[in-house]
There are 2 protein chains.
Amino acid sequence: MSGQNIRLSVDAVVFGYDAGTISVLLIKRKYEPFKGKWAIPGGFVLQDESLEEAVERELKEETGIEIDYLEQLYTFGNPKRDPRSRVVSIAYFGLVHPSTFDIFAATDAEEVQWFKIDDLPQLSFDHDKILQFAITRLRAKITYEPIGFELLDEKFPFSDLENLYTTLLGRPVDRRNFRKKILSLDILDELDEKISKGSGRPANLFKFNQKRYNHLKKKGIVFEI
Amino acid sequence: MSGQNIRLSVDAVVFGYDAGTISVLLIKRKYEPFKGKWAIPGGFVLQDESLEEAVERELKEETGIEIDYLEQLYTFGNPKRDPRSRVVSIAYFGLVHPSTFDIFAATDAEEVQWFKIDDLPQLSFDHDKILQFAITRLRAKITYEPIGFELLDEKFPFSDLENLYTTLLGRPVDRRNFRKKILSLDILDELDEKISKGSGRPANLFKFNQKRYNHLKKKGIVFEI
DNA sequence: TTATATTTGTGTGTATATTACACATATGAG
DNA sequence: CTCATATGTGTAATATACACACAAATATAA
């Protein structure tokens, strides 16, 4: 027991969304093992920080990013997952708004990049497994928790939400029925603002009302698409 | 990084079911801290074993039990959760069939006991939090995965399943509608066997067909109550 | 300025699923 | 053989999900 020599790390799969594609944030490894290969950002947990603090610190150190939504994903503990020594990794998954996504997508730092999830490079360690796990969770979770809003701007036209769901679910959604359903949940505030995207009729902007959602949830009313 | 001194443990919340009550397996701690208090079984992960192996080993060592269903629950990493030193614990939740449950319920070893979940003793560490987490997961999960069968005998009358759901959901379910719904999922085999429980009409026995469920799941057909 | 292309916004009828509900049947016990 | 107890079953009413098309507001090009 006293001979336990297991190191503990955290890894974060961070998703961003723009114009019909989901991307994930990766870093290029500077050192062995897997030097030069892409990996999910992460690192070792420090003695006195919580796991969430470790994730946020590592993300800031390695990518400069600050996360809008973070949740624990799964803990990967296969004894052979790191070729050097025993490392157990607690994986998180995170979401960022387009404002964050855009900034970092623009700066093409060679060592930090967004990759579209259907055009991923080879990954280090068991990171492909972790990433697939995260994608599965994201796709599933948007159907029973209103986390999709974390991938949109604070104020968004309804079509953005619809496109996000079309993308994540991988199938078309009926515009009228989708709108009816979401609006019936009573978790969106319709704003007195319009946005015009090139040609076409300007769209009304909406805003997710987190407080109202929490309130409804407490009453046992569930989000479901 | 080399100064990391975090120990890694696993803990298991094991549930059993009998006659309208859900119970959980606890052990009485032999040593400080929390000596004499009840706790969820668990212990430190050994160098070369997987997390699941660690859980199974600890359960066997501490309680003698073998588990029928095991899944990772959540990783608890609050720096202060253990008063001695930093210990991160990966919690699992497990289910056992009544055959296992009955045996161990009978032997009233002073240091290992089943407790009804609405009559729990004070627990050590953050184990009450872990336990509540597990209960929440169990209650939620039986509505979208057919794991309830792991709490019943291999062959069971329909009323057992109905009572289990009534218990876990904490509300009555309509017998006819429930039966219709479950049978429509086509994951139960009706056997040519009857069981007679004291008085009343003997009940037909059913058996969960895991293969058929896996097959349906692969086709995207989901279990849902 | 007018016509055209583009995107948003909206309602109704149909099919499907969920819910409520009561009585006959098979057995054991007295 | 009567009574108590648990099982087994169907139908009608209601609610939910789904399919589907055209008018309104703007930008652009003629």
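Heavy atoms only: backbone and side chains are in, while hydrogens, waters and symmetry mates are out. In the text below, chain A, chain B and the rest are named by the order of the sequence lines, each starting its count at 1.
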### Task
Using whole Å, report how far CD1 of A/Ile195 lies from P of D/dA27.
13 Å

### Task
Kindly state whether the ring of B/Phe156 and the ring of B/Phe208 have centres lying under 6.0 angstrom apart.
no

### Query
Roughly how many Å is it from NZ in B/Lys181 to P in D/dG10, rounded to a whole number?
19 Å

### Task
Rounded to the nearest angstrom, tell me the gap between atom CG in B/Asn204 and atom P in D/dA6.
18 Å

### Query
Is it true that B/Lys207 and B/Glu193 make a salt bridge, defined as a side-chain N closer than 4.0 Å to a carboxylate O?
no

### Task
Evaluate the criterion side chain to side chain contact (heavy atoms under 4.5 Å, CB included) for residue pair B/Asp126 and B/Arg81; output intermediate values, then yes/no.
CA-CA 6 Å; B/Asp126 56 354; B/Arg81 58 179 297 282; 2.8 Å; yes

### Message
Any carboxylate oxygen within less than 4.0 angstrom of a Lys/Arg side-chain nitrogen, looking at B/Asp189 and B/Lys155?
### Response
no

### Message
I need the CZ-C1' distance between B/Phe178 and D/dT7, as an integer number of Å.
### Response
15 Å

### Query
For A/Glu193 and C/dT8, what is the distance between atoms CD and C1' respectively, to the nearest whole Å?
17 Å

### Query
Atom CD1 of A/Ile182 to atom P of C/dG9: distance rounded to whole Å?
14 Å

### Message
Is the distance between the ring centroids of A/Trp114 and A/Phe104 under 6.0 Å?
### Response
no

### Task
Scan nucleotides 20-30 of chain C nucleotide by nucleotide, 5' to 3', and note B when protein non-hydrogen atoms come under 4.0 Å of the base, S if they reach only the sugar-phosphate, - if neither.
BBB--BBBS--

### Message
Any heavy-atom pair between the side chains of A/Arg29 and A/Trp38 that's under 4.5 Å?
### Response
no

#### Entry: Name of the residue among B/Val88, B/Val10, B/Leu51 meeting side chain to side chain contact (heavy atoms under 4.5 Å, CB included) with A/Thr75
B/Leu51

### Task
Locate the shortest heavy-atom distance separating B/Asn204 from B/Leu191; write the atom from each residue and the value.
OD1-O, 2.8 Å

### Query
Relative to the ring of A/His127, is the ring of A/Phe125 parallel (under 30°), tilted (30 to 60°) or perpendicular (over 60°)?
tilted

### Message
In whole Å, I'd like the distance from the CZ atom of A/Phe158 to the P atom of C/dT10.
### Response
10 Å

### Query
Rounded to whole angstrom units, what separation is found between the CG atom of B/Leu183 and the C1' atom of D/dT9?
11 Å

### Sub-4.0 Å heavy-atom contacts from residues 140-152 of chain A onto DNA chain D, ordered by number
none

